[in-house]
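The structure appears right after this line, and notes come after that.
Bear in mind that the values here come from a model prediction, so they are computed numbers and not experimental data.
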Amino acid sequence: MELLSGNEAIAQGAWEAGVRIGAAYPGTPSTETLEALAAKPGVYAEWCTNEKVAVEVALGASAAGARVLACMKHVGVNVAADPLFTAAYTGVGGGMVVLAADDPGMHSSQDEQDSRYYAQAAHIPCLEPADSTEALRFARDAYALSEEFDVPFMLRSTVRISHTRTPVEPGSRVEAEARPYEKDPSKWVMMPAYARPRRLAQLERIERLRQWADECPYNVVEEGSAEVGVVCSGAAYQYVKEALPDASVLKLGAVWPLPEGLLRRFAGMVDALYVADEASSYLSDAVRACGIAVAEPPCGPLPAAGELTPGALRKAFGRPLPEAAPAAPDVPARPPALCAGCPHRVVFKELSRLRAIVTGDIGCYTLGALPPLAAMDTCVDMGASVSMAHGFELALGEGEGRPVVAVIGDSTFAHSGLSSLISTVYNQGTGTVCVLDNRTTAMTGRQGNPFNGVTLQQRPSRELDLEGILGALGIEDVRTVDPNDMTAVRAALKEATAARDRLSVLVFRSPCILLERKRETPFWVTASCTGCGVCATLGCPAISLDAATGCSRIDPEACVGCGQCAPYCRFGAIEHQGA
């Protein structure tokens, strides 16, 4: 017996099923799945530039006969949708499973999204585990099912299942029999003449899947009081069992297609049937679509946004709420902030001073939008910073006095920023693009990417030449700048943004402070401090203002000795300790 997170359990189940190849782009809450798989023997695993590429790599390996796993978070499914929908036509060679890890509550995401809608729209069967034991079992079983029905299977998880550890019984690996590739354009070449028959094959498969769903062992009825019956899946099942322990429950492990016959039988067992959804109406809408009446909770609806909780269920069903211990009154607020010594901080500070319109992107540098830096105007999706900056330039023209600057990280630039930049260059766009190259994919745990050349399993690789690629695109103004040098950052941004008739790309290169975790001699504030507070506008967590004196202070335990703050003090009051 071992305690495994849902992510680790999925990796274990895939490994036990004989998976040979894994492909992913890191994204919370899915990241640890491929990392866990990569650590197991007999497996090749890689970080891809984006989720679309990961699914295509997986589909190619599947066509060649290997069992494969592709992993992504929910917004990554958007990126991967193109090959995913067509893979539902082609089918598979070796079994193929796609993990979609959703994030109700948006702990690490820009939106809430239910990936089960993708399974429904693409007609790809979807399994949803309620704990790590089911995560292992469903992942392991999905490969044989994928090969039986000739279709990729989606495994949908949510943040609590992905990251919560529960007991599992790991098994041993069973090597899957090789399925040799045979040339078959009618299956793998999706031009209209071949795709039309595959569509008919898909429709026939859907009927077989509906019959399977009604009998599959992953959908379980737990009989309780006939007064209340609740249909639920995944993490919501755990909340239902805690909040409504006496209710009858239909726990769905297969969430597309739904088991219509079982749902009707369950509805006939209870006086009123309810559905426990989380940040989505997918399940309640799907049950209603089966012609089954769904009752509203007697004391008000469940929350339409954010994570479901046992408390929300108790409130909706009029059950008593347990008393909560009051929060300690002296616990200080701890808003999210860039790390002490983060190489992005000075860039954002200088962009704020320029009053630039800053189109941002997905990464830890998104925190540059928060006070006191407050330097970012937009953040939508991976790669959008470059495209949106071009849109701003087109709309504003010469009438806007403020410069428009796109900010994007090195990994995100490889993910989809490069294609956006190519479009801008092709259409003679102008403006300034800042590539914040901190030598890693920092936000998801410091994974490798093409611009640092670090692979998932530490295989020999190559570090792509970022400046060389930019030059090859025909961008004439490409400069590499040390982001820790305030004077250099200020000069580079001032010059680039002043040239409104050309496209400038500034590469701010310095390693993430967490890569090497170096600590230099900390700085301190001398008696020369006047309390002007300029240093505090950097948003460094090591700097604070003393409530009694109004002067700044630097926490020696938090300070990493980067010295970014010292050039901002006009009074020379920030010095190295011992200087």
Side-chain angles (χ1 to χ4, degrees), residues 30 51-52 55 59 70-92 96-104 111-130 138-139 142 145-146 148-158 161 195 198-216 218-219 231-237 250-264 266 275-292 294 304 308:
S30 71
E51 296 85 357
K52 175 180 182 289
V55 167
L59 188 59
C71 304
M72 62 206 69
K73 67 183 296 179
H74 62 289
V75 288
V77 184
N78 301 332
V79 180
D82 191 358
L84 190 62
F85 273 62
T86 304
Y89 277 43
T90 65
V92 301
M96 177 174 171
V97 172
V98 176
L99 167 64
D102 291 358
D103 189 14
D111 64 35
E112 287 183 326
Q113 184 175 302
D114 192 328
S115 296
R116 295 175 295 187
Y117 284 112
Y118 271 107
Q120 181 185 50
H123 305 300
I124 291 175
C126 182
L127 306 179
E128 182 175 7
F138 291 2
L145 291 167
S146 172
E148 176 185 348
F149 289 101
D150 189 23
V151 67
F153 263 60
M154 177 180 284
L155 194 61
R156 189 242 186 182
S157 181
T158 56
I161 301 301
R198 292 302 297 179
R199 170 63 172 157
L200 298 178
Q202 182 190 52
L203 293 174
E204 184 274 332
R205 177 203 300 136
I206 290 170
E207 288 307 310
R208 291 193 295 123
L209 283 166
R210 292 191 192 282
Q211 296 174 20
W212 165 80
D214 213 38
E215 301 171 355
C216 86
Y218 311 135
N219 302 318
V231 179
C232 55
S233 65
Y237 165 77
L250 171 52
K251 179 178 67 171
L252 296 176
V255 291
W256 194 87
L258 289 185
E260 295 187 21
L262 179 59
L263 282 164
R264 291 192 179 91
F266 180 70
V275 174
D277 267 327
E278 184 175 47
S280 169
S281 62
Y282 167 81
L283 199 50
S284 55
D285 290 344
V287 172
R288 288 189 177 98
C290 296
I292 298 170
V294 175
L308 187 62

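A distance of 7.0 Å separates CG of L127 from CG of L145, quoted to the nearest 0.5 Å. Rounded to the nearest 0.5 Å, atoms SG (C126) and CG (L209) are 12.0 Å apart. Distance CH2/W212 to CD/E207: 14.5 Å, rounded to 0.5 Å. Remark: L283 CG to D114 CG distance equals 9.0 Å, nearest 0.5 Å. The structure places CD of E215 at 10.5 Å from CG of L262, a figure rounded to the nearest 0.5 Å. Taken from CG in L263 to CG in L258, the straight-line distance is 6.0 Å, to the nearest 0.5 Å.
Between V98 and M72 there is a side-chain heavy-atom pair separated by less than 4.5 Å. Side chains of E112 and S280 form no contact here, defined as non-hydrogen atoms less than 4.5 Å apart. Put simply, the side chain of R264 reaches to within 4.5 Å of the side chain of I292, judged on heavy atoms.
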Start with the C-alpha gap between V77 and E51, add the side-chain angles, then the distance that decides, and say whether side chain to side chain contact (heavy atoms under 4.5 Å, CB included) holds. CA-CA 7 Å; V77 184; E51 296 85 357; over 6 Å; no
Pair Q120-Y282, side chain to side chain contact (heavy atoms under 4.5 Å, CB included): steps then yes or no: CA-CA 10 Å; Q120 181 185 50; Y282 167 81; 4.1 Å; yes
I'd like to know whether N219 forms a side chain to side chain contact (heavy atoms under 4.5 Å, CB included) with D214, so could you lay out the CA-CA distance, the side-chain angles of the two residues, the decisive distance to 0.1 Å, and finally the verdict. CA-CA 8 Å; N219 302 318; D214 213 38; over 6 Å; no
Could you check L308 against D277 for side chain to side chain contact (heavy atoms under 4.5 Å, CB included), going step by step and ending with a plain yes or no? CA-CA 8 Å; L308 187 62; D277 267 327; over 6 Å; no
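Every residue two or more places apart in sequence or in another chain that forms a side-chain hydrogen bond (donor to acceptor under 3.5 Å, both in side chains) with E128 is listed here: R116, R156, S233. D285 meets the salt bridge (Lys or Arg N to Asp or Glu O under 4.0 Å) test with no other residue; sequence neighbours excluded. Evaluation of the side-chain contact (heavy atoms from CB on, under 4.5 Å) rule for Q113 yields H74, V75, N78, D111, Y118 as partners, not counting sequence neighbours. Under the ring-ring contact (aromatic ring centres under 6.0 Å, His included) criterion, F138 pairs with Y218, not counting sequence neighbours. F85 meets the ring-ring contact (aromatic ring centres under 6.0 Å, His included) test with no other residue; sequence neighbours excluded. Applying the side-chain contact (heavy atoms from CB on, under 4.5 Å) rule to Q202 yields the partners A88, Y89, H123, R199, R205, I206; only residues at least two apart in sequence or on another chain are considered.
Judged purely by atom type and a 3.5 angstrom limit, D102 uses its side chain to pair as donor or acceptor with the backbone of S115. Looking at S157, its side chain never comes within 3.5 Å of a backbone N or O of A101 through a donor-acceptor pair.
Here the closest heavy-atom approach between residue P152 and residue P125 is recorded as O-CD, 3.7 Å. In terms of heavy atoms, V55 sits closest to A80 at CG2-CB, 3.6 Å. Nearest heavy-atom pair across A279 and P104 is CB-CB, 4.1 Å. Scanning all heavy atoms of the two residues, the minimum distance from P259 to L252 falls at CG-CD2, 3.7 Å. Contact between A130 and G234 at its shortest, heavy atoms only, is CB-O, 3.4 Å.
Salt bridge D150/R208: absent, no basic N to carboxylate O contact under 4.0 Å.
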